[in-house]
Amino acid sequence: MNYWLIKSEPYVYSYDDLTHDKKTSWDGVRNYAARNYMREMKKGDQVFFYHSNEGKQIVGIATISKEAYPDPTAVDNKGWVSVEIKPLKKLKKFITLVDVRVEKILSEMELVKNSRLSVQKVSSKEWIKILKMAGE
DNA sequence: GCCAACGTTGGC
DNA sequence: GCCAACGTTGGC
């Protein structure tokens with residue numbers, strides 16, 4: 001199983017919105033690195049849900065419920081894809097960007113190194129560490 | 001194929 | 001609201 005992190009601005013689509021909707025199609029991604037990660041996602045993979053701009057923290061975990069399929073919102077043919085995600089659980093304690101920055105093991109995360117990438121890969125070591133920090 | 005110009009993201 | 005970082009576009 002692989003671990004991932006996706007970012008969303010909470011006033012556009014928050015983790016609570018996902019909880020309310022029960023599932024959502026993660027579409028509209030227009031970045032090749034992000035697209036390639038989305039193509040690698042397998043059903044059952046777990047995903048940290050990060051709120052960018054407002055909050056700047058990991059607030060919950062989602063799971064991949066449908067693997068990559070052509071993004072219905074794409075108007076060109078550059079191979080953009082969507083995945084479907086479902087909420088798994090909200091974290092007991094949210095993990096802020098500052099929390100990630102000060103933790104040595106997490107300092108190599110794309111969240112720190114390439115903050116603009118909206119879909120990121122998380123190593124199992126990083127995943128476990130963040131869960132522990134979140135009291136899970 | 002290079003690179004300047006431009007647009008977007010996201011932290012501050 | 002500002003601006004640095006990054007990705008994309010398009011002229012040459």
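Keep in mind that the numbers below use all heavy atoms, side chains included, and drop hydrogens, waters and symmetry copies. Numbers restart at 1 for each chain; the letters A, B, ... are given by sequence-line order, proteins then strands.
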Trainee: How would you label the contact of A:Lys56 with the nucleic acid (heavy atoms, under 4.0 Å): base, sugar-phosphate, or nothing?
Mentor: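 Result for A:Lys56 = base.
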Trainee: Applying side-chain contact (heavy atoms from CB on, under 4.5 Å), name anything that partners A:Asp17, two or more places apart in sequence or on another chain.
Mentor: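 side-chain contact (heavy atoms from CB on, under 4.5 Å) check on A:Asp17 returns A:Tyr13, A:Ser14.
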Trainee: Under 3.5 Å, which donor-acceptor pairs link side chains of residues 128-136 of chain A to any protein atom two or more places apart or in another chain?
Mentor:
{"from": "A:Glu136", "atom 1": "OE1", "to": "A:Lys89", "atom 2": "NZ", "distance (Å)": "2.5"}
{"from": "A:Glu136", "atom 1": "OE2", "to": "A:Lys92", "atom 2": "N", "distance (Å)": "2.7"}

Trainee: Which residues end up grouped with A:Trp80 if you chain together Ile, Leu, Val, Met, Phe, Trp and Tyr wherever their side-chain heavy atoms are less than 4.5 Å apart?
Mentor: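 Members other than A:Trp80 - counting any ILVMFWY side chain reachable under 4.5 Å - are A:Tyr32.
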Trainee: With a 4.0 angstrom cut-off to heavy atoms of chain A, pull out the first and last contacting nucleotide of DNA chain B, in 5'-to-3' order.
Mentor: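 Span of nucleotides near chain A: B:dG7 to B:dC12.
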Trainee: For A:Gln120, what residues pass the side-chain hydrogen bond (donor to acceptor under 3.5 Å, both in side chains) criterion, not counting sequence neighbours?
Mentor: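 side-chain hydrogen bond (donor to acceptor under 3.5 Å, both in side chains) check on A:Gln120 returns nothing, list empty.
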Trainee: Show me the side-chain donor-acceptor pairs of residues 54-67 of chain A shorter than 3.5 Å, one per line, residues at least two apart or across chains.
Mentor:
{"from": "A:Ser65", "atom 1": "OG", "to": "A:Glu84", "atom 2": "O", "distance (Å)": "3.1"}
{"from": "A:Ser65", "atom 1": "OG", "to": "A:Glu84", "atom 2": "OE1", "distance (Å)": "2.7"}
{"from": "A:Glu67", "atom 1": "OE2", "to": "A:Lys43", "atom 2": "N", "distance (Å)": "2.8"}

Trainee: Using a 4.0 Å heavy-atom cut-off across all strands, classify A:Arg30 as base, sugar-phosphate, or nothing.
Mentor: nothing
